[in-house]
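Down below is the structure, laid out as structure tokens.
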There are 2 protein chains.
Amino acid sequence: MHENGAMPASDVVEQQEQPWNRRRLRSANERLLLDRLRAHGAASRAQLARETGLSKPTVSSALASLEAAGLVREAGTRAPERGRTAVLYAPDPAAGYALGVDIGRGWLRVAVADLDGTVVARADVRNRARASAALTDLVVTTAREVIADSGVDAAEVVHGVVGTPGVYDGEQRRVRYAMHLPGWGRAGLVDRIREELGVPLEVHNDANLAALGEYTYGVGAGSRLFAYILIGTGLGMGIVGEGRLFTGAHGLAGEIGFLPWQDRQQPERLEDAVSGVAVVEAARGFGMRGRLTAKAVFDAARQGHPAAARAVEVEAERIAHTVAAAAAVLDPDLVVLGGGVGHSVDLLLGPVRERLRALTPLRPRIAPSRLGADAVLLGAVATALDTARDRVFERRTAGT
Amino acid sequence: MHENGAMPASDVVEQQEQPWNRRRLRSANERLLLDRLRAHGAASRAQLARETGLSKPTVSSALASLEAAGLVREAGTRAPERGRTAVLYAPDPAAGYALGVDIGRGWLRVAVADLDGTVVARADVRNRARASAALTDLVVTTAREVIADSGVDAAEVVHGVVGTPGVYDGEQRRVRYAMHLPGWGRAGLVDRIREELGVPLEVHNDANLAALGEYTYGVGAGSRLFAYILIGTGLGMGIVGEGRLFTGAHGLAGEIGFLPWQDRQQPERLEDAVSGVAVVEAARGFGMRGRLTAKAVFDAARQGHPAAARAVEVEAERIAHTVAAAAAVLDPDLVVLGGGVGHSVDLLLGPVRERLRALTPLRPRIAPSRLGADAVLLGAVATALDTARDRVFERRTAGT
DNA sequence: GCCTCTAGTAAGGCTCCTTAACTTTATCGG
DNA sequence: CCGATAAAGTTAAGGAGCCTTACTAGAGGC
């Protein structure tokens, strides 16, 4: 189910098939401690011993190894009610860095984060590239600049994730179904970026990453299963269950642009009916004139313009249809609306909920995106961090 | 995501949080060997050592422990090209037994299987119960009979799984949304069965179990992600990814009866439009007369009856709509059609595929159920076996 | 009969965990 | 100010389980 772009993360299943010799035991316990520190924050050795069930000497020695490997560092002290003050340990965020890239139609965004997930450098650049070479160049130079800005040695950037519309086909080494990015479907582009940057890269669908971003940093935190609906130039959905992406058999899960949809009017594909363009078309249909954008229509609706208001109603109904279909198939506990319409979700939320009541008895919580335009970038960072943490651990403990 | 009915399987996540002391290492290696034997069949000690990466002495001693615990037994010999003949070991199927129950509207089916998955006893009984007490009694007495038939000591039946329409609500201790089973929604019924049988029980949705059945014993084997659509009195879908059930946030995933559906005609809910009853209604609408059943309509269509043929066409279109929605959201590599219409899938398959071409560019493989009416029962058995194997391993290795 | 090849066992050593006792350092109460 | 107490952390002894090496057991080829 985990359809990585390239450079797949170390295969968990195979690792579990490995036998349990002593070396793996040691490493498993070090890993246990490190994960605990990441999840619950700094802690003393005695505390870790109590919480993990390991003995105090074991914790001491494992922590010493982790510190020697640069994975963990002292982080202040804490005085208990009475007794000796405890020395606290915390993961060293500077043990490695991850790179996140969001290649969108209008903007290219790049960020570098440390292992704590703190973004240490970032750039947002207009994407005016109209050919594949220009785009790859832009990505490479921007990424280099951001890494330079961060003051981090390039070799410390352990892993990167690129978000893009469409789906990366690892065999043909190219992105498919990315209609809105000119030239971006050519083969070998990602390989070129990877080579020039010297960083292992994965490529993922932007809606999927946005979902992961909302899960890690946003409104999806703690959800058992939620769907992120990205409504912009295109239409996409990302699904996150138990903190992991649900990508389907071929990486096409959530391609809700393909949902069947027979309107009274023309549009045959749902994508054409829900995306930003459709709002404009609907507004025109109801009699609005002038140079319209989706944003303009929403703004007009907010001011009480009747044709715009009706266009928004139509859009809400279509979104409700999408949500209803997703709810019936997936049973999420949360649906997040994001993408280009993010700014206008306040207008849509009420009507969508109302239409939904008429469509289905299932009513998942519906919430606007908290991260807005940053969702994809932060999702890319979060995903890159996941494997970066593994890689750093492996690299640094292997040397010992 | 794993919404068990009750008596949840040992929580994997918590187990992974446990520290790795030597006892767990031993047990992990024994487990590794046992799983390998189950997956790839009988093997010698030397062979296991080569394949798992453990040393020969370790394999020998672990296998000796497993044999002493009754989990593994000698299973003949094999002579290599030259050299000493090897003694083969295989999992002992008689180390424990699992119980599967399928509570359907028309039939109650019960089976007992050994740890190899071989059904050792089975009964199919008409379900004429019209009240909750009668149904629970029928389940209990039938299960007792089957266990007695199998010649297995009741204490050796380690785990059971019950399949039913609807969804089990573990908090309220009752089955919800099971419209077609009179009285079956009352609270505490499952607890009563569990008590009277003295077997730990889980309850799962029938479509979900059917999907698992097709995955384990049927046409879904090896699929990365597939959906089983159960079309009978009701309409349901089970989703299996990487061999595990996908149940959604509240166990309602695949409740495609709730898919939005606006037909030119009346039915508002898809369930009413696709189920067996709907076929009959459609046939009547096209002018068929007499006492009709779904089966009768399909038979007539096979004979060339024009109204019946048109009713089947309509049904195919509705199924195609369902498949298209599932495909867009989930991206399965396989969709299995089963349930009451199972016998008539040959008639539907062609038209469904044809309609699908018009609806969406995504075209997962569509196949008829291989297990037919046994899918739910075998799925229940397979699910029960999963946890039964764990339980038996824990119980028998704990004593050592 | 001897060689070769594979299966399986025995002995010794290594790693890493645990238990238990001990040291260190803090607060509290007189 | 000093001993009692309590918590943090270390040291030392012991043990469980794995690996390596070296061996024995049994089957076939020459």
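Order of the sequence lines fixes the chain letters, A, B, ..., with proteins taken first and strands second; residue numbering starts at 1 for each chain. Atom set for the values below is all heavy atoms of this structure, side chains included, hydrogens, waters and symmetry mates excluded. Quantities reported herein were computed from a predicted structural model and do not represent experimental measurements.
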* Expressed in angstrom and rounded to an integer, what is the separation of L33(B) atom CG from dG17(D) atom P? -> 15 Å

* Asked: Should N29(A) be listed as having a side-chain N or O under 4.0 Å from OP1 or OP2 of dC16(C)?
  -> no

* Indicate yes or no: does R122(B) engage D374(B) in a salt bridge with an N to O separation below 4.0 Å. => yes

* Does a salt bridge link E156(A) with R396(A), judged by any charged N lying under 4.0 Å from a carboxylate O? -> yes

* Give a yes or no on whether a donor-acceptor pair under 3.5 Å exists between the nucleobase atoms of dA7(D), that is its base, and the side chain of R84(A). => no

* Asked: Got a donor-acceptor contact below 3.5 angstrom from the R45(A) side chain to the S60(A) backbone?
  -> no

* R45(A) CZ - dC17(C) C1' separation (whole Å) -> 18 Å

* For R50(A), which contact category applies under a 4.0 Å heavy-atom criterion: base, sugar-phosphate, or nothing? -> sugar-phosphate

* OP1, OP2 of dG17(D) versus side-chain N and O of R24(B): anything below 4.0 Å? -> no

* Does R389(B) reach the side chain of H159(B), with side-chain heavy atoms less than 4.5 Å apart? -> no

* Atom-pair distance (CG on L66(A); P on dC16(C)), nearest Å -> 13 Å

* Taking only N and O in the side chain of T58(B), is any of them less than 4.0 Å away from OP1 or OP2 of dC19(D)? -> yes

* Any side-chain N or O of T85(A) less than 4.0 Å from the OP1 or OP2 oxygen of dA26(C)? -> yes

* To do: For P80(A) and for P57(A), locate the closest nucleotide of DNA chain D by heavy-atom distance; then report the residue assigned to the nucleotide nearer the 5' terminus.
  => P80(A)

* Taking atom CZ of R38(A) as the centre, report whether more than 12 heavy atoms of other residues, nucleotides or ligands fall under 6.0 Å from it. => yes

* K56(B) has an atom NZ; how far is it from atom P of dA11(C), in whole Å? -> 16 Å

* Does R78(B) make a side-chain N or O approach to OP1 or OP2 of dA7(C) shorter than 4.0 Å? -> no

* Asked: Among dC17(C), dC18(D), dG9(D), which nucleotide sits nearest the side chain of L25(B)?
  -> dC18(D)

* With sugar-phosphate meaning primed atoms plus P, OP1 and OP2, does S55(A) contact a base, only sugar-phosphate, or nothing at under 4.0 Å between heavy atoms? -> base

* Can you find an N or O donor on one side and an acceptor on the other, under 3.5 Å apart, linking the side chain of R82(A) with the base of dA6(D)? -> no

* Whole Å only: how far is the CD atom of E30(A) from the C1' atom of dT15(C)? -> 13 Å

* Structure fact -> Of V87(B) and S61(A), the one whose closest nucleotide on DNA chain C sits nearer the 5' end is V87(B)

* To do: Using whole Å, report how far CZ of R26(B) lies from P of dG15(D).
  => 17 Å

* What's the CG-C1' distance between L63(A) and dC17(C), to the nearest Å? -> 16 Å

* Asked: Counting any heavy atom closer than 4.0 Å, what does E81(B) reach on the DNA or RNA strands: base, sugar-phosphate only, or nothing?
  -> nothing

